[in-house]
Amino acid sequence: MSDLLLDDLNPQQNLAVTAGDGQILVLAGPGSGKTRVLTRRLAYLIERQNVPSYDIIAVTFTNKAASEMENRVTNLVQRNLEGIWLGTFHAMCARLLRREAAALPFNSNFVIFDSDDQQTLVKRAMRDLKIDEKIHRPVSVHAAISALKNDLLSPAEAPTRSYREEVVARVYARYEDMLRLNNAVDFDDLLFWGAKLLRENPALREKYAMRFRHVLVDEFQDTNLAQYELLKHLSSYHKNIFVVGDEDQSIYRWRGADYRNVLRFEKDFPDCEKILLEQNYRSTQVILDAARCVINQNHNRTPKHLFSDRGQGNKIVKYEAVDDRAEANFVVDTIAGYLGGKKAKASDFAVMYRTNAQSRLIEEAFMHAGIPYHLVGAQRFYGRREVKDIICFLRLVENPSDEVSLQRVIAVPPRGIGEKTLANLQFAAAQAGKSSGDALLDLGRQVDRSEFWPSIGRSAGLLSDFGAMLAGWVDSKAQLSLVSLFDRVLTDVGYESYVNDNTDEGEDRWENVQELRRLATDFQDRGLTEFLQNLALVSDQDTLKDEETDSQRDASSVTLLTLHAAKGLEFRQVFIVGLDEGILPHSRSRDDPEEMAEERRLFYVGITRAKDQLYLVRAERRSTFGDVDYGEPSRFLADIDDSLILNQGKRSASRRASYEADMTWGPAYNTSSRAPRRVTFTSPQAKSSRYKAGMRVRSASWGEGIVLESKIEADGEETVDVHFESVGFKRVIASLANLEIVE
DNA sequence: TCGCCAAGACTTTTT
DNA sequence: GTCTTGGCGA
């Protein structure tokens with residue numbers, strides 16, 4: 001009898017999916033079917049073990065992973081997962097905190113502050129405490145506070161061994177007070193209070209621990225201490241906890257993630273069953289071998305031997321460009337070659353880099369070449385000013401005590417309320433022990449009969465007008481649907497004419513507002529609270545980026561993304577650029593071995609995204625805002641066995657002899673077959689070069705330029721190096737580029 | 001109070 | 001090279 005649930009699993013996967021009760025630790029190498037195991041396990045519990053979905057909690061890190069899991073499992077079991085808790089750590093905690101708000105220092109309709117809001121709040125706390133922002137940068141103070149929360153330390157428990165720590169602790173305390181006054185929590189609070197609630201409240205702990213017979217966790221290596229403790233509490237009664245992860249792919253240390261939680265798990269649950277998934281279904285063996293060369297240099301991990309039945313595959317192409325522009329051109333030209341030869345489609349390719357700043361040159365090169373591309377997770381939709389404005393209006397309606405939102409929108413669009421007036425309002429409100437929002441509402445409703453009217457003076461009328469508007473929204477939010485409320489806010493404040501000045505940017509801004517409105521329509525039946533929570537907890541990759549990338553993928557475009565954003569994805573051909581000391585590994589990790597190990601894992605994650613072909617690219621010289629710097633090749637390159645690499649590019653010190661190979665343009669030789677597999681272009685074999693150094697040429701895409709060099713390759717193709725006025729150096733295939741000789 | 005302009009900072013990754 | 005911040009004038 002065929003078994004749709006188990007038939008197509010390999011022995012290890014099967015072992016994991018059908019494991020009995022208890023603690024199961026699945027260490028899943030990249031491409032080893034981790035998601036599959038997790039979804040099948042869930043389906044197996046429900047279908048085969050008759051566990052009611054109500055008894056299960058399954059946590060992930062991204063909304064994308066959560067909804068993917070939900071879809072897959074729903075498909076497998078052919079019914080809805082009633083009562084299940086399935087979602088991100090943050091969303092699950094938010095649910096817990098709203099339910100149990102009675103035991104917490106905030107109300108159940110708390111708002112979630114995003115990193116922008118957190119930043120503003122830290123700054124305000126520091127100003128209140130008269131701490132010099134030049135000496136203690138708010139970003140780093142905030143990072144320190146965040147780290148304390150991740151370690152479950154309250155302001156009172158924060159260490160004060162140094163002056164710096166003492167400053168952080170003081171700001172932390174003030175910051176917390178302000179959050180509470182705003183009835184707000186930050187990202188870290190969700191986990192912090194979730195863990196604290198269960199730790200300090202035995203009755204509640206028992207309530208949830210008894211309910212959740214099974215706890216399942218994805219990306220376990222990315223958990224921080226708060227998350228780890230939360231999981232321990234949740235599984236403290238039935239002790240059935242199934243975690244899937246890979247220490248080697250832990251790349252969020254800076255956010256408090258501690259891959260050593262994997263080791264901690266083994267120590268805390270000595271009876272746990274440990275299952276290794278080592279068969280890789282994604283990459284060729286060459287790619288896996290290279291990945292192993294890189295990751296084996298790290299310690300404190302469970303060694304894994306990834307293997308593939310996909311064959312050896314092509315060698316990895318290493319390309320050293322003269323500068324960052326040439327680096328980008330190499331990537332784009334190579335892809336153009338495939339696309340021109342119809343050997344691949346644009347969506348087969350991804351270009352990965354360490355920092356977002358690196359994407360610019362690459363984007364430019366793609367633009368010039370007319371190849372469609374899209375960015376993953378770069379500029380954040382919801383960090384856009386206009387989007388944030390609207391969100392803050394809505395948050396204010398939801399929770400008038402939200403001072404951060406109030407301050408942001410009280411003068412949007414400008415309505416004569418400035419710093420002075422705002423300060424008056426805040427002072428008057430504080431005198432009465434109320435929030436500015438409440439005072440504002442009172443002014444709006446009572447106008448000059450309001451208790452606040454006399455103490456504010458001249459500008460009370462302006463405040464009252466705005467207050468009346470706000471009161472109108474608050475009063476009607478129960479009757480109005482979410483979208484109607486949305487529209488009403490827009491009309492009342494005259495937002496369209498404010499942002500849309502009919503320039504391109506204006507249109508763009510208004511388009512973003514419309515996009516947000518579309519998002520709101522999805523939440524019609526769930527209401528404002530859920531909409532706002534979702535906006536705060538949904539990462540940018542998750543929301544409309546998804547729709548955007550989906551539609552753009554159909555249109556077939558190359559994916560540009562950071563190495564961090566690449567985790568969990570796969571592409572036929574992957575370019576990793578910027579393999580230079582200081583970039584990858586990043587200069588900031590130079591002095592810390594742990595950080596360096598993480599850079600290595602980041603590279604490892606990048607390598608293992610490639611299914612068929614990997615390109616490792618660097619530039620000898622690159623410009624960092626104006627200045628040009630000469631860099632050393634990344635130390636990670638040296639770790640990869642020479643036999644796996646094919647050198648291309650300007651200069652390959654160790655490989656001067658194979659000059660021919662250096663000049664090869666196009667896909668690498670296939671190591672497993674004798675005949676070089678190379679894209680052949682449509683042109684007839686050229687016997688002598690048509691273009692000569694010094695010639696002036698014109699190309700359709702790049703305009704005019706000067707030929708630097710031209711030569712005939714082994715395959716008969718003529719490659720021409722041209723310096724274009726518009727884009728600088730380019731190496732093109734004559735038969736493809738259609739260069740016109742200018743007299 | 002608001003909008004413009006110039007100087008300065010800043011580039012690691014983001015649930 | 002780009003975004004943010006702060007100062008200054010209207």
Side-chain angles (χ1 to χ4, degrees), chain A residues 59-66 87-94 112-116 118-119 123 133-134 137-140 142-143 146 149-150 186-191 218-219 222-224 226-227 250-257 324 352-361 363-364 376-380 382-385 410-423 458-459 462 533-543 545 561-567 578 582-590 592 595 598-599 601-603 605-606 622-628:
Chain A
V59 276
T60 62
F61 272 86
T62 65
N63 295 282
K64 198 171 149 208
T88 63
F89 271 101
H90 291 85
M92 295 299 92
C93 284
I112 301 165
F113 275 3
D114 66 30
S115 7
D116 268 1
Q118 295 168 33
Q119 207 60 51
K123 273 193 205 146
E133 294 179 22
K134 292 266 155 52
R137 298 226 329 277
V139 246
S140 73
H142 178 238
S146 172
K149 288 194 182 187
N150 287 161
D186 66 15
F187 275 142
D188 305 312
D189 274 338
L190 292 167
L191 307 172
D218 191 14
E219 305 278 15
D222 286 335
T223 50
N224 60 32
Q227 286 159 328
S250 169
I251 53 175
Y252 287 113
R253 200 178 101 90
W254 47 275
R255 223 164 64 193
D324 43 5
M352 301 175 186
Y353 33 82
R354 176 65 236 264
T355 65
N356 274 313
Q358 290 171 261
S359 75
R360 233 196 38 245
L361 277 178
E363 280 185 74
E364 273 170 26
V376 174
Q379 108 279 33
R380 317 155 44 173
Y382 133 80
R384 300 287 302 260
R385 190 177 301 127
I410 197 162
V412 172
R415 50 174 69 85
I417 301 173
E419 219 175 313
K420 211 63 176 277
T421 312
L422 182 63
R458 214 154 40 88
S459 45
L462 295 168
Q533 166 164 328
N534 206 62
L535 288 175
L537 290 185
V538 153
S539 78
D540 300 292
Q541 277 116 320
D542 292 330
T543 48
K545 273 289 154 48
L561 72 181
T562 62
L563 288 162
H564 281 88
K567 194 164 82 160
I583 295 184
L584 182 65
H586 195 270
S587 49
R588 283 169 105 110
S589 26
R590 195 177 34 215
D592 181 346
E595 297 264 306
E598 177 138 322
E599 294 291 306
R601 291 194 290 269
L602 196 53
F603 184 38
V605 166
R622 59 178 74 239
S623 42
T624 32
F625 41 150
D627 299 341
V628 266

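These numbers come from a predicted model, not from an experiment.
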Take the protein atom [atom1] of [X] and the nucleotide atom [atom2] of [N], then report the distance between them rounded to whole Å.
X: L584(A); N: dT13(B); atom1: CG; atom2: C1'; answer: 12 Å
X: N356(A); N: dT14(B); atom1: CG; atom2: P; answer: 6 Å
X: Q533(A); N: dT15(B); atom1: CD; atom2: P; answer: 15 Å
X: L602(A); N: dT14(B); atom1: CG; atom2: P; answer: 10 Å
X: F89(A); N: dT15(B); atom1: CZ; atom2: P; answer: 15 Å
X: H142(A); N: dT14(B); atom1: NE2; atom2: C1'; answer: 12 Å
X: D324(A); N: dG1(C); atom1: CG; atom2: P; answer: 12 Å

### Task
Please tell me which of the listed nucleotides, dT1(B), dT11(B), dG1(C), lies nearest to the side chain of K420(A)?
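Output: dT1(B).
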
#### Entry: Contact check, side chains of L191(A) and H90(A), non-hydrogen atoms, under 4.5 Å
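Answer yes - side chains close enough.
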
### Message
Any non-hydrogen side-chain atom of R590(A) less than 4.5 Å from a side-chain atom of E595(A)?
### Response
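A side-chain contact is absent here, since even the closest heavy-atom pair is not under 4.5 Å.
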
### Query
Counting only N and O atoms by type, is there a donor-acceptor contact under 3.5 Å from the side chain of T562(A) to the main-chain atoms of A565(A)?
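Side chain of T562(A) to backbone of A565(A), a donor-acceptor pair under 3.5 Å: yes, one is there.
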
Sugar-phosphate only, base, or nothing, as touched by [X] at under 4.0 Å among non-hydrogen atoms:
X: I417(A); answer: sugar-phosphate
X: S589(A); answer: nothing
X: K567(A); answer: nothing
X: H586(A); answer: sugar-phosphate
X: R415(A); answer: sugar-phosphate
X: R360(A); answer: sugar-phosphate

### Query
Hey, is F187(A) doing a stacking thing with dT15(B), by the 5.5 Å centroid and 30° angle criteria?
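F187(A) vs dT15(B): stacking no.
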
#### Entry: R137(A) side-chain N/O to dA9(B) phosphate OP1/OP2 under 4.0 Å
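No, because none of the side-chain N or O atoms of R137(A) sits under 4.0 Å from OP1 or OP2 of dA9(B).
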
### Message
For dT15(B), does the base pair up with any side-chain atom of H90(A) as donor and acceptor (N or O, under 3.5 Å, distance only)?
### Response
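Between dT15(B) and H90(A), which were checked side chain against base, a qualifying N/O pair under 3.5 Å is present.
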
#### Entry: Whether H564(A) and Y252(A) hold their rings parallel, tilted or perpendicular, with breakpoints at 30° and 60°
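The rings of H564(A) and Y252(A) sit tilted, inter-plane angle from 30° to 60°.
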
